[in-house]
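Every number for a ligand or one of its atoms is a count from 1 in the order of the listing.
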Amino acid sequence: MDWIKLNARTIATSFLALTLGAGAYHAGGQTLLAQSTSQPESGTSASMQDWWKNAVIYEIYPRSFQDTNGDGIGDLNGITSRLDYLQGLGVDAIWLTPVYPSPDVDFGYDISDYKNIDPQYGTLADFDRLVAEAAKRHIRVIMDMVMNHTSDKHEWFIQARSSRDNPYRDWFVWHDGMGQTSTDKGVPPNNWQSLFGHSAWQWDEKTRQYYYHKFYVQQPDVNWDNPQIHEAFKDIIAFWLKRGVGGFRFDAVTTLYEDPSLADEGVVLGKDGKPVINAYGDPQLDNSKTDNQPGLHPVMQEMRVAADAFNSNKFPGTRVLIGETYMDNIAELAEMYGAPEKPEFHLPMDTQVGFINKLDVTVFRSKLIDVETQIGHNIPLLLFDNHDNPRLDARYGDGIHDTDIERVLSTVLFASRGAALFYYGDEIGMKTTPPARKQDVKDPIGVTGWPKEKGRDGERTPMQWDGSANAGFTKGTPWLPVPPSAATINVEAAKADPKSLLAWYKSLIRLKKTNPAFANGANLMLDTENTKVLSWMRQAPGAAEAVVAVNFTAEPQTVNLAASGAGLQAAHLKTLLKTPGGPVPRSLAAIKLGAYGVYIGEVQ
Ligand code: GLC
Ligand code: CA
């Protein structure tokens with residue numbers, strides 16, 4: 001089961017969106033970026049301000065990226081040692097999943113100290129060195145900011161649970177049970193569930209109340225109705241901004257608030273009219289009272305003001321706010337940007353496109369049109385993968401053409417307008433490798449949900465650098481086993497092969513950075529009735545138009561983009577990038593594509 005499906009509201013409504021906005025749209029309605037943002041080294045203030053608008057962002061799961069001290073766990077010095085590789089790829093920023101001190105129930109997402117580095121990853125000095133070395137390579141470091149919950153080992157919670165009149169008591173969400181008496185704890189206040197299985201309420205015997213946790217029991221939700229929480233998190237954000245971070249990725253941000261009525265959530269019913277039972281054996285709830293509550297918007301406005309205040313000469317360059325925003329539809333995603341006078345996220349993640357999890361041209365086109373037409377003048381952030389979902393092979397592959405399919409997806413990712421985010425290892429086609437046995441599972445949901453939910457270990461295996469033992473990740477014993485596929489799928493092998501997926505990623509990123517149409521051009525869908533091939537053009541003022549045609553099928557296809565109504569003439573085409581094999585097209589009227597073939601050309 002994939003992560004997005006943990007959120008039933010997402011499944012329930014995602015198909016509704018397909019029927020909307022499927023018509024052709026007009027380039028005239030497009031936002032053109034004021035300026036190409038591609039070259040931070042140009043150093044102009046406009047590019048410093050706008051770097052994120054065409055950014056390529058690389059997600060690192062630090063535990064699994066590069067170990068340098070032989071304990072089998074990746075560390076900050078490991079990331080620093082791989083910065084040249086990341087610069088070679090062309091990334092503008094790296095997002096690190098949490099590296100703060102943590103008891104590691106949720107591998108860093110249960111934070112016990114927000115202003116330090118966990119010793120297993122290094123020290124604050126190592127962090128500062130990483131930021132400085134990254135900056136030399138024009139790479140910004142983005143931190144993960146977990147504001148929904150702390151660890152139960154965080155001092156705030158230790159205080160809060162010590163007595164009902166402790167000053168920190170109200171920093172968390174406490175309620176009496178239903179039917180609670182002085183001798184009986186009753187039952188939890190309502191039917192709300194943890195996304196990680198079972199009731200979201202945990203009885204605390206010492207102070208005789210329940211506390212709320214949307215995630216693991218060891219991740220108590222903080223109380224955002226308490227103004228002190230707002231101040232505490234702004235202080236934490238300032239701490240990292242002063243250290244020079246390039247921004248934050250806000251974790252689980254839609255779960256900050258719960259409905260104060262404490263009303264039960266609805267049960268999701270299947271086609272047979274019976275409750276849908278999730279991987280944990282519980283009825284699937286609709287999350288209507290615990291997700292996407294209105295209070296989150298003022299919080300994000302506040303965080304944006306705090307981050308913008310650091311956008312000074314001393315710390316040049318926009319500090320970007322990215323949101324983990326699995327929304328139900330494009331309208332809800334649009335709200336995450338805030339209003340122009342009250343901005344919220346710069347880049348809330350568009351999970352509408354990347355988690356379709358099926359190579360369906362019509363759905364892709366409709367979702368891409370949505371993000372081009374329904375978010376006003378804002379910038380999309382596309383992504384296809386992260387540390388919570390099976391990798392691309394498991395969600396899109398057919399087991400035969402996986403690499404070709406990954407070329408298809410990366411083309412949509414990098415040749416569309418806006419910022420692009422990808423996950424370590426995607427660039428070499430790393431395979432999802434879940435544990436074979438329950439006793440090997442590290443991510444606790446894989447134990448609770450086994451075998452339906454095997455947890456997220458499968459997408460968190462060590463980065464595959466070379467063909468040596470442990471793939472060059474560690475000289476010790478890796479915390480998760482290196483997949484057998486590392487013998488052939490690794491960075492060293494990919495670098496030696498000009499036709500590798502890695503080479504394809506690099507070419508696409510270079511195109512995105514250097515070709516004006518791809519760097520800042522409008523995005524216009526072409527040939528919009530075609531159900532096999534997704535085609536679009538990129539159009540920037542004063543630059544040659546570029547066209548992209550992507551075959552979503554295993555059969556050869558031919559498209560005629562001259563007839564697609566966008567006013568393109570059957571002009572001469574200059575090939576910018578294409579998948580190997582097949583003829584080079586001479587005109588827009590007949591572009592031939594092999595199985596999962598991609599063609600990118602410039603109209604001359
Ligand atoms: C986010 C993270 C996930 C984590 C959860 C709780 O969804 O991406 O890894 O388990 O929040 O913090
Ligand atoms: Ca280590």
Query raised in the report: Relative to the heavy atoms of Arg456, which atoms of ligand 1 are at a distance of less than 4.0 Å?
Result: 3 (C), 4 (C), 9 (O), 10 (O)
**Report entry** Under the ring pair (Phe, Tyr, Trp, His ring centres under 6.0 Å) test, residues paired with Phe233 that sit two or more places apart
**Finding:** Tyr114, Trp156, Trp224
**Report entry** Residue portion contacting ligand 1 (non-hydrogen atoms closer than 4.0 Å) for Arg460
**Finding:** side chain
Query raised in the report: Is a side-chain N or O of Tyr100 found less than 3.5 angstrom from the main chain of Asp144, in a donor-acceptor match?
Result: yes
Query - Asp402: partners by side-chain contact (heavy atoms from CB on, under 4.5 Å), with sequence neighbours left out - result: Asp393, Asp398, Glu406, Lys431
Query raised in the report: Among His387, Met430, Glu59, whose side chain to side chain contact (heavy atoms under 4.5 Å, CB included) with Tyr424 holds?
Result: Met430
**Report entry** Pair Ser261-Lys289, side chain to side chain donor-acceptor pair (under 3.5 Å): steps then yes or no
**Finding:** CA-CA 9 Å; Ser261 77; Lys289 310 288 179 201; 5.3 Å; no
Query raised in the report: Partners of Trp479 by ring pair (Phe, Tyr, Trp, His ring centres under 6.0 Å), sequence neighbours excluded?
Result: Phe107
Report task. Answer yes or no for Lys53 and Trp51: cation-pi contact, defined as NZ/CZ to six-membered ring centre under 6.0 Å and angle to ring axis within 45°. Result -> no
Query raised in the report: Out of Thr254, Asp251, Ile111, Asp110, whose heavy atom sits nearest atom 12 (O) of ligand 1?
Result: Asp251
Query raised in the report: Should you measure from each heavy atom of Asp388, which atoms of ligand 1 turn up under 4.0 Å away?
Result: 2 (C), 3 (C), 7 (O), 8 (O), 9 (O)
Query raised in the report: Which of the numbered atoms in ligand 1 are below 4.0 angstrom from a heavy atom of Arg249?
Result: 2 (C), 8 (O)
Query - Distance under 6.0 Å and angle within 45° of ring axis: Arg82 vs Trp465 - result: yes
Query raised in the report: Is ligand 1 less than 4.0 angstrom away from at least one heavy atom of Phe107?
Result: no
Report summary line: Counting heavy atoms under 4.0 Å, the part of Met147 that contacts ligand 1 is neither
Query raised in the report: Which of the atoms of ligand 1 are close to Asp106, meaning less than 4.0 Å from one of its heavy atoms?
Result: 4 (C), 5 (C), 6 (C), 10 (O), 12 (O)
Report summary line: Checking Phe157, Phe215, Tyr211 against His149 for ring-ring contact (aromatic ring centres under 6.0 Å, His included), the one that qualifies is Phe215
**Report entry** Residue portion contacting ligand 1 (non-hydrogen atoms closer than 4.0 Å) for Tyr326
**Finding:** neither
Report summary line: Given a cut-off of 3.0 Å, the protein N, O or S atoms lying below it from the Ca ion (ligand 2) are Asp67 OD1, Asn69 OD1, Asp71 OD1, Ile73 O, Asp75 OD2
**Report entry** Closest non-hydrogen atom pair, Pro380 against Tyr337
**Finding:** CA-OH, 3.6 Å
Query raised in the report: What atoms of ligand 1 come within less than 4.0 Å of a heavy atom belonging to His149?
Result: 6 (C), 12 (O)
Requested in this report: Test Asn292 against Thr254 for side chain to side chain donor-acceptor pair (under 3.5 Å), laying out the working first.
Outcome: CA-CA 5 Å; Asn292 198 19; Thr254 60; over 6 Å; no
